[in-house]
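Worksheet: the structure to be examined is printed underneath.
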Amino acid sequence: MTPATLPGVLLHVAVVRPVFVWGQPGIGKSSLVKQFAAALGLDCVTLIGTQLAPEDLIGVPELRDGRSRFAPPESIARDEPYCLFLDELNSASPEVQKAFYSLILDRRIGAYELPAGSIVIGAGNRASDNALARPMASALLNRLIHVHLRASADDWLLWAMGAGLHALVTGYLTARPDHLWSKPPKTEEPFSTPRSWHMLSDALHSFGSDLEKDAGEDILRVLTAGTLTPAHASAFCAYVKTVRHRYGLDAIVRGDAPWPRDPTDRDLLYFFAEAFRARLVKDLPASREHASPSVRRFAVRAKGLLVELAEISLECAQLVIATDEDGMPALPAWFLVEVTRDLPRLVAARA
């Protein structure tokens with residue numbers, strides 16, 4: 001489900017049963033849970049699984065009337081109802097996970113019972129995200145209702161614009177919503193998530209007009225390289241250059257401006273090539289019969305632009321018609337057939 005639909009599900013489910021929210025790193029699981037608790041008027045007590053020992057949950061023994069009992073920690077043993085948020089629960093050690101059993105199912109630790117009206121929500125990353133995640137014991141897994149959260153560019157942009165994120169960030173992701181999140185790499189390097197875009201926005205706001213100075217381009221490259229997937233960082237820097245120079249893909253498609261040819265603008269050329277590919281994916285229908293006359297004219301223009309692009313950089317031209325990550329064609333088959341058939345003739349005609 002998307003971030004926009006999660007609160008509605010939690011409102012009906014978390015009030016009766018504990019819920020576990022699965023999702024990729026950096027897509028806002030923790031923030032959504034805290035916002036949900038605040039909307040219900042509940043304090044949100046966060047326990048981070050990787051930072052806990054079993055005694056942090058069950059407490060330490062104390063003597064009372066000649067008998068020993070476990071005294072749960074003050075952060076948990078509250079008199080008023082609250083939201084208990086178990087973040088990174090599936091990253092906790094097996095001993096800590098076991099300590100959660102009675103708390104999750106019976107809402108109890110020793111003699112202490114959660115106040116009526118309290119809710120319990122867990123969250124964690126998946127092992128496939130290259131995050132620190134341990135197998136969840138079946139006894140714990142079966143004590144939770146599981147929901148899976150996915151990043152949504154529409155939801156995030158709606159929030160980002162209301163939250164005042166930097167206009168360059170929201171503008172770029174409006175044009176390239178597919179760059180909001182990328183799969184975590186197997187190596188230790190930054191990668192794009194809603195969280196990292198938020199961090200980049202904060203940094204851009206902090207530098208302010210300093211980014212307009214001579215060293216601004218170098219600073220921007222440092223900031224993006226430290227927050228985003230390398231390909232996204234390069235594309236974002238190119239986007240900023242287009243905004244500042246008021247130079248865009250629309251002008252190239254109309255014929256009002258050429259593809260950038262200067263070697264120093266190679267990042268800009270790659271950005272336009274990716275944007276051109278995204279435009280073709282969006283505007284060309286799956287079947288040629290469904291293409292309107294204006295779309296067919298655009299397809300003809302697109303083939304000419306591919307020739308011009310190939311003359312500057314064959315690699316960029318190949319990027320436009322390349323397959324997707326799964327090896328499947330991204331562009332409609334009828335257009336790819338025409339490109340294969342007509343591109344050599346068009347190149348020869350321009351020679």
Point to revise | Residue pair Phe191 / Pro184: nearest heavy atoms and the distance that separates them | key: CE1-CG, 3.8 Å
Exercise for review: With the side chain counted from C-beta on, respond yes when Ser234 and Tyr270 share a heavy-atom pair under 4.5 Å apart, and no when they do not.
Suggested key: no
Review point. Is there a donor-acceptor contact under 3.5 Å from the side chain of Ser313 to the main chain of Cys316?
Key: yes
**Study point:** Joint hydrophobic cluster, Val15 plus Val21, side-chain heavy atoms closer than 4.5 Å
**Key:** yes
**Study point:** Atom pair OG1 (Thr242) and CG (Leu249), whose distance is rounded to the nearest 0.5 Å
**Key:** 9.5 Å
Point to revise | Aromatic ring proximity His232/Trp197, centre distance under 6.0 Å | key: no
Exercise for review: Verify, without hydrogens or angle tests, whether Arg296 (side chain) and Ala291 (backbone) share a donor-acceptor contact under 3.5 angstrom.
Suggested key: yes
Check your understanding: Looking only at heavy atoms, which two atoms of Thr170 and Ala160 are closest? And how far apart?
Key -> CG2-CB, 4.0 Å
Point to revise | Separation of Tyr239 OH from Leu220 CG (nearest 0.5 Å) | key: 12.0 Å
Check your understanding: Does Arg277 pair with Asp324 as a salt bridge, N-O distance under 4.0 Å?
Key -> no
Practice item. Heavy atoms only: give me the nearest Ala273-Leu319 pair and the separation to one decimal. Key: CB-CD2, 4.2 Å
Check your understanding: Under the 6.0 Å and 45° cation-pi test, does Arg301 pair with Phe298?
Key -> no
**Study point:** Arg17, CZ atom: more than 12 neighbouring heavy atoms under 6.0 Å
**Key:** no
Check your understanding: Hey, quick one: are Val45 and Ile48 part of the same hydrophobic cluster, counting side-chain heavy atoms closer than 4.5 Å, chains of contacts allowed?
Key -> no
Practice item. Give the minimum heavy-atom separation between Gly117 and Leu42, together with the two atoms involved. Key: O-CD1, 4.1 Å
Check your understanding: Any idea which heavy atoms bring Val33 and Cys83 closest together, and the distance?
Key -> CG1-SG, 4.3 Å
Point to revise | Path from Val169 to Met199 over hydrophobic side-chain contacts below 4.5 Å | key: no
Check your understanding: Is a donor on one side and an acceptor on the other found under 3.5 Å between the side chain of His12 and the backbone of Gly8?
Key -> yes
Practice item. Could I get the full list of salt bridge (charged side-chain N to carboxylate O under 4.0 Å, His left out) partners for Asp283, not counting sequence neighbours? Key: none
Check your understanding: Got a second to check how far Leu309's CG is from Leu314's CG, nearest 0.5 Å?
Key -> 9.0 Å
Point to revise | Common cluster, Val16/Phe36, ILVMFWY with side-chain heavy-atom separation under 4.5 Å | key: yes
Review point. With a 4.0 Å cut-off, would you call Lys241 and Asp265 a salt bridge?
Key: yes
**Study point:** Exam field: side chain Ser206 to backbone Asp202, donor-acceptor pair closer than 3.5 Å
**Key:** no
Check your understanding: Can you tell me if Ser182 uses its side chain to pair, donor with acceptor, with the backbone of Thr229 under 3.5 Å?
Key -> no
Review point. His205 vs His166 aromatic rings, parallel, tilted or perpendicular, using cut-offs 30° and 60°?
Key: tilted
Review point. Going by heavy atoms in the side chains, are Ile119 and Leu10 under 4.5 Å from each other?
Key: no
Review point. Tell me, do Asp262 and Leu268 make a side-chain contact under 4.5 Å, heavy atoms counted?
Key: no
Practice item. Measure the spacing between CH2 of Trp259 and CZ of Phe276 and express it to the nearest 0.5 Å. Key: 5.0 Å
Exercise for review: Return yes if some donor-acceptor pair links the side-chain N/O of Trp156 with the main-chain N/O of Leu173 below 3.5 Å, else return no.
Suggested key: no
Show me the donor-acceptor pairs, under 3.5 Å and distance only, between side chains in residues 140-149 and residues at least two apart or in other chains.
unit_1	atom_1	unit_2	atom_2	d
Arg143	NH1	Ala139	O	2.7
His146	ND1	Trp22	NE1	2.9
His146	NE2	Leu141	O	2.8
His146	NE2	Leu144	O	3.4

Point to revise | Ile27 side, atom CD1; Leu32 side, atom CG - distance, nearest 0.5 Å | key: 8.0 Å
Revision key, fill the gap. Heavy-atom nearest pair, Trp181 first then Ala151, reads CB-CB, 4.2 Å
Exercise for review: Using modelled atom types only, decide if a donor and an acceptor are shared between the side chain of Lys29 and the backbone of Gln24 within a distance under 3.5 Å.
Suggested key: yes
Exercise for review: Using modelled atom types only, decide if a donor and an acceptor are shared between the side chain of Ser152 and the backbone of Thr2 within a distance under 3.5 Å.
Suggested key: no
Review point. Taking atom CD of Glu189 as the centre, does the number of heavy atoms from other residues, nucleotides or ligands within less than 6.0 Å exceed 12?
Key: yes
Review point. Within the side chain of Tyr82, is there an N or O that forms a donor-acceptor pair under 3.5 Å with the backbone of Ile76?
Key: yes
Exercise for review: Please tell me if the side chains of Phe85 and Leu47 come closer than 4.5 Å, counting only heavy atoms from C-beta onward.
Suggested key: no
Check your understanding: Salt bridge between Glu113 and Arg107, side-chain N to carboxylate O under 4.0 Å?
Key -> no
Revision key, fill the gap. Which of Thr46, Thr50, Asn125 passes side-chain hydrogen bond (donor to acceptor under 3.5 Å, both in side chains) with Glu88? Answer is Thr50
Review point. How far apart are the C-alpha atoms of Ser192 and Leu180, what are their side-chain angles, what is the distance that settles it, and do they pass the side chain to side chain contact (heavy atoms under 4.5 Å, CB included) test?
Key: CA-CA 6 Å; Ser192 303; Leu180 176 63; over 6 Å; no
Exercise for review: State, yes or no, whether a side-chain contact exists between Leu223 and Phe207 at a heavy-atom distance under 4.5 Å.
Suggested key: yes
Review point. If we only count heavy atoms from C-beta on, is the Val253 to Arg279 side-chain gap below 4.5 Å?
Key: yes
Point to revise | Donor-acceptor pair, side chain of Ser118 and main chain of Pro115, under 3.5 angstrom | key: yes
Check your understanding: Shared ILVMFWY cluster between Trp159 and Leu200, side chains joined below 4.5 angstrom?
Key -> yes
